[in-house]
Amino acid sequence: MTRPVRVRFAPSPTGGLHIGGVRTALFNYLYAKKLGGKFILRIEDTDQTRFVKGAEEYIIETLKWCGIEPDEGVGYGGEYGPYRQSERKPMYRQYAEQLVEAGYAYYAFDTPEEIEAMRERLKAGGNPAPQYNWAVREYMKNSLTLPSDEVKARLAAGEPHVVRIKMPRKDEVKFHDLIRGWVSFQTAQVDDKVLLKADGMPTYHLAVVVDDYLMEITHAFRGEEWLPSAPVHILLYKYLGWEEKMPEFAHLPLILKPDGNGKLSKRDGDRLGFPVFSLDWHTADGTLQTGFRERGFLPQALINFLVLLGWNPGVAHEIFSLDEMIQLFDIARVHQAGAKFDFEKCKWFNHQYVQMQSASALADATVPVLAAKGVQVERAYLEHICSLVKERCTFMSDVWDNAFFFFEAPKEYDFDAVRPKWNDTKKTFFTSFVERAKTISTWDNASIEACFKGLAEEMGIKVGEVQMPMRIMLCGGKFGPPVFEIAATIGQKESIERIEKANSLF
RNA sequence: GCCGCGUUGGUCAAUCGGCUAAGACGCCUCCCUUUCACGGAGGAAUGACGGGUUCGACUCCCGUACGUGGUACCA
């Protein structure tokens, strides 16, 4: 029964998408593309209380930015819609009722207060995490304990109720996970999960199963946090008579905090100084959670970094194009253990990708920065500078910091790097150099260097002795491309002015 | 607490019983450059612990420890 591959990424629109979600989407995408299947975006907005406006658009924009766009789903259309669970609300109830009729589920009328009371009682009795399970359901208000007339009456009266799955008292659910192999659970350990909420919305458990079935999903890849509830889903497929169409499962390892203790969470970014969100996200209270995009990351770099977090391609190199990832991707090579997020390595990937960018692309990214500084330069000049400083840029936005002295004379000097060894001879050297520099007819790298070194030799000064001061004069500090390159770039007049000014200051 | 999943250098990780245990990031040294960076050459640093199984265990099994996830009318 080989069906066409259909995988889905099914996030909840509860806020910005963090990199764990991006990676889940990525693995789904790669798998689909590898097998010539479809990648579907489904929005799981069954919890009305947690719904956040704008989150859905954010998710779509993230996928677009990352270059892993869905073939089908919210924002993309398709034959299996609607793709928003809130819009599918009327579809779920019938399945819940089918389960009740078959004896696999039941109606429960307990109020939140009653359930809370039950929990308190059991906690007092020494149970740290009471569940509504096979033992407890015996004395709660549900269609298993209430007379059938009363159940009918309550239902007819429109009394609030939920539908819960009736987990077998003693059974074992075993299933094969593409990443973890055979996994089994004792049904007695899992509670009677709510399937249909009092507001008529399904919970995740009912919704995934129904939607995956209806949308003919063949492979369900999701985070490891879902592993414990997998038996509920497996049972649901069985109870609904859909076993044949059950997707293959793979539970992805979690991305953990770099400093230990738990999975990476939304707040770690601010705490540790790196982004965890794909794009900037403004929370309801107005705080900004920085995104990788705004921080200066290239999407290919982020994707490349993420794909290697929990997956190993089995080849020697680490830089992959999306196409190459698709070629190499193999769900069986996904790790079982969680991986810590390493921002240093993430930056390294970005640096690698920045190096692949053209000077023109770097220039494009720098234009707004210059505009903000009020600096105006010719395009060709900008591009030349970009090519000169590219190798020291980790982010596309790093050009200014590495090249500001090409746009304006240094405002301050690293005197400590010059003064200790400064003397009249050097001062004289620069005075003479300025005179000679004025006579250079072709102001280029080689001519300047020849002039500079020639003078040094004549005066019996080691070139190195005056090269550093020259650098400080031109850019203010111990950084930047080769000195003569700088001089050639900023021009004869500007170079001479800077040298004269600094020479009087040292 | 209970249940699940995991455990190779600081981090990401290769290895599918033969290991003198790859590679990458980071770190250190040297070369290049009398700047920074890039590049090049080296270096330090790893199998949680205890039992089996086996001629042989990092690899298989069992315990323990530790980590991590779940234990909601959240996903």
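A, B, ... follow the sequence lines: proteins, then strands. Residue 1 opens every chain.
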Between [N] and [M], how far apart are the two [atom1] atoms, rounded to whole Å?
| N | M | atom1 | value |
| --- | --- | --- | --- |
| B:C30 | B:A48 | C1' | 36 Å |
| B:U64 | B:C3 | P | 11 Å |
| B:U8 | B:C2 | C1' | 30 Å |
| B:G47 | B:C16 | C1' | 15 Å |
| B:U33 | B:U15 | P | 41 Å |
| B:U7 | B:G50 | C1' | 15 Å |

Nucleotide nearest [X] when distance is taken to its side chain, options [options]:
| X | options | result |
| --- | --- | --- |
| A:Tyr204 | B:C73, B:A75, B:U34 | B:A75 |
| A:Asp342 | B:U71, B:U35, B:C25 | B:C25 |
| A:His335 | B:G10, B:A14, B:G70 | B:A14 |
| A:Met468 | B:C2, B:G70, B:U35 | B:U35 |
| A:Phe185 | B:G4, B:A14, B:G69 | B:G4 |
| A:Gln467 | B:C5, B:C3, B:U34 | B:U34 |
| A:Lys345 | B:A72, B:C25, B:G4 | B:C25 |
| A:Leu309 | B:C3, B:C73, B:C12 | B:C12 |
| A:Glu44 | B:C12, B:A75, B:U35 | B:A75 |
| A:Pro112 | B:C73, B:A75, B:G1 | B:C73 |

Give a yes or no on this: more than 12 heavy atoms of other residues, nucleotides or ligands lie within 6.0 Å of atom CD of A:Glu412.
-> no
Hey, does [X] reach any base, or is it just sugar-phosphate, or nothing, if we go heavy atoms under 4.0 Å?
| X | result |
| --- | --- |
| A:Pro160 | nothing |
| A:Gly477 | nothing |
| A:Pro481 | base |
| A:Gly310 | sugar-phosphate |
| A:Glu224 | base |
| A:Lys263 | sugar-phosphate |
| A:Gln355 | nothing |
| A:Val483 | nothing |
| A:Arg222 | nothing |
| A:Asp259 | nothing |

Watson-Crick or G-U wobble partner of B:U64, both distances under 3.5 Å |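 Pairing partner, where one exists within any strand: B:A48.
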Would you tell me if any nitrogen or oxygen in the side chain of A:Arg119 comes within less than 4.0 Å of OP1 or OP2 on B:U71?
-> no
When you measure from the side chain of A:Asp268 to the backbone N and O of A:Leu264, does any donor-acceptor pair fall under 3.5 Å?
->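 The answer is no, because no donor-acceptor pair under 3.5 Å joins these two groups.
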Cationic N near anionic O, under 4.0 Å, A:Arg42 to A:Asp212 | yes
Give me the one residue out of A:Arg137, A:Arg169, A:Arg164, A:Lys166 that meets salt bridge (Lys or Arg N to Asp or Glu O under 4.0 Å) with A:Asp192.
->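 The option that passes is A:Arg137.
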Please figure out whether A:Lys453 or A:Gln336 has its closest RNA chain B nucleotide nearer the 5' end.
-> A:Gln336
Which comes earlier along RNA chain B counting from the 5' end, the contact point of A:Ala337 or that of A:Leu308, where each point is its nearest nucleotide?
-> A:Ala337
Anything under 30° is parallel, anything over 60° is perpendicular, the rest tilted; go ahead and classify A:Phe175 against A:His251.
-> perpendicular
In terms of ring plane angle, is the pair A:Trp182 and A:His176 parallel, tilted or perpendicular, where the classes change at 30° and 60°?
->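 The rings of A:Trp182 and A:His176 stand perpendicular, inter-plane angle above 60°.
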When only distance counts, do a donor and an acceptor, one from the side chain of A:Lys193 and one from the base of B:A72, lie under 3.5 Å apart?
-> no
Minimum side-chain heavy-atom gap A:Val163-A:Leu99 below 4.5 Å =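 When only atoms from C-beta onward are counted, A:Leu99 and A:Val163 do not touch, as no gap falls below 4.5 Å.
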